[in-house]
Number of protein chains: 2
Amino acid sequence: MGRKIEIKKIEDITKRQVTFSKRRSSLLKKAKEIAISCDVDVLLVAFSPANRLSKFCSQNRYCIYEPTKIPLRCACYLSI
Amino acid sequence: MGRKIEIKKIEDITKRQVTFSKRRSSLLKKAKEIAISCDVDVLLVAFSPANRLSKFCSQNRYCIYEPTKIPLRCACYLSI
DNA sequence: GACTCTATTTATAATTA
DNA sequence: TTAATTATAAATAGAGT
């Protein structure tokens, strides 16, 4: 899609953020589509380099925990 | 992509599994691409209707817990 | 940042083997 | 069934606003 690129870290910050924004939305869209059409539950989480939770996609049955004191993040799925 | 379809549950089992297989691999590919090019950590988990962990994508710092006795699954990210 | 445009590449539904 | 092929639609890099 678009001009052909090699997949490696985009060094230009502005360009990287633009690409992230574009790809994030389409990744979310595709996760939703496979969840619906294939009847699966999907969890998608992205953490930025600044360690912020950038995004998640769910079937409304996931929860994301972000403890502040330990270097651990949990995303839990309730399969009930 | 392909013939235009409405996004809804595919009722035909064979067709649904074929679609799942195709979409799963491209979703994983895209998750890896955004992780690399945008320097973010991504976690992607899919649970099948049979409650099996179908897939996950990571930066090698995620771990998936699958307790068998409780209806809860955890995907944990170590941000160290 | 957040949109728009579009040329180009990728993804994929349907089909065929 | 599982794997290619094909025809078509979607995603997106780059450029401009």
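What's counted below: heavy atoms across the whole structure, side chains too, no hydrogens, waters or symmetry copies. Computed from a predicted structure; not experimentally measured. Chain A is the first sequence line, chain B the second, and so forth, proteins listed ahead of strands; every chain is numbered from 1.
B/Thr19 places a side-chain N or O within donor-acceptor distance of the main-chain N or O of B/Lys15, the cut-off being under 3.5 Å.
Pairing each heavy atom of A/Met1 with each of A/Arg23, the nearest pair is CE-NH2, 4.4 Å. Heavy atoms only, all atoms of each residue included: A/Lys9 and B/Asp39 are closest at NZ-OD2, 3.5 Å.
Between B/Ile34 atom CD1 and D/dA11 atom C1' there is a gap of 12 Å when expressed in whole angstrom units. What separates CZ of A/Arg16 from C1' of C/dG1 is a distance of 15 Å, to the nearest Å. Separating the CZ atom of A/Phe20 from the C1' atom of C/dA2 is a distance of 15 Å, rounded to the nearest angstrom.
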Practice item. Test B/Ile34 against B/Ile36 for side-chain contact (heavy atoms from CB on, under 4.5 Å), laying out the working first. Key: CA-CA 5 Å; B/Ile34 196 173; B/Ile36 294 168; over 6 Å; no

Exercise for review: Produce a footprint string for nucleotides 10-17 of chain C: one letter per nucleotide, 5' end first; B if the base is under 4.0 Å from any protein heavy atom, S if only the sugar-phosphate is, - if neither.
Suggested key: SBBBB---

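Between B/Arg24 and B/Leu27, every side-chain heavy-atom pair lies at or beyond the 4.5 Å cut-off.
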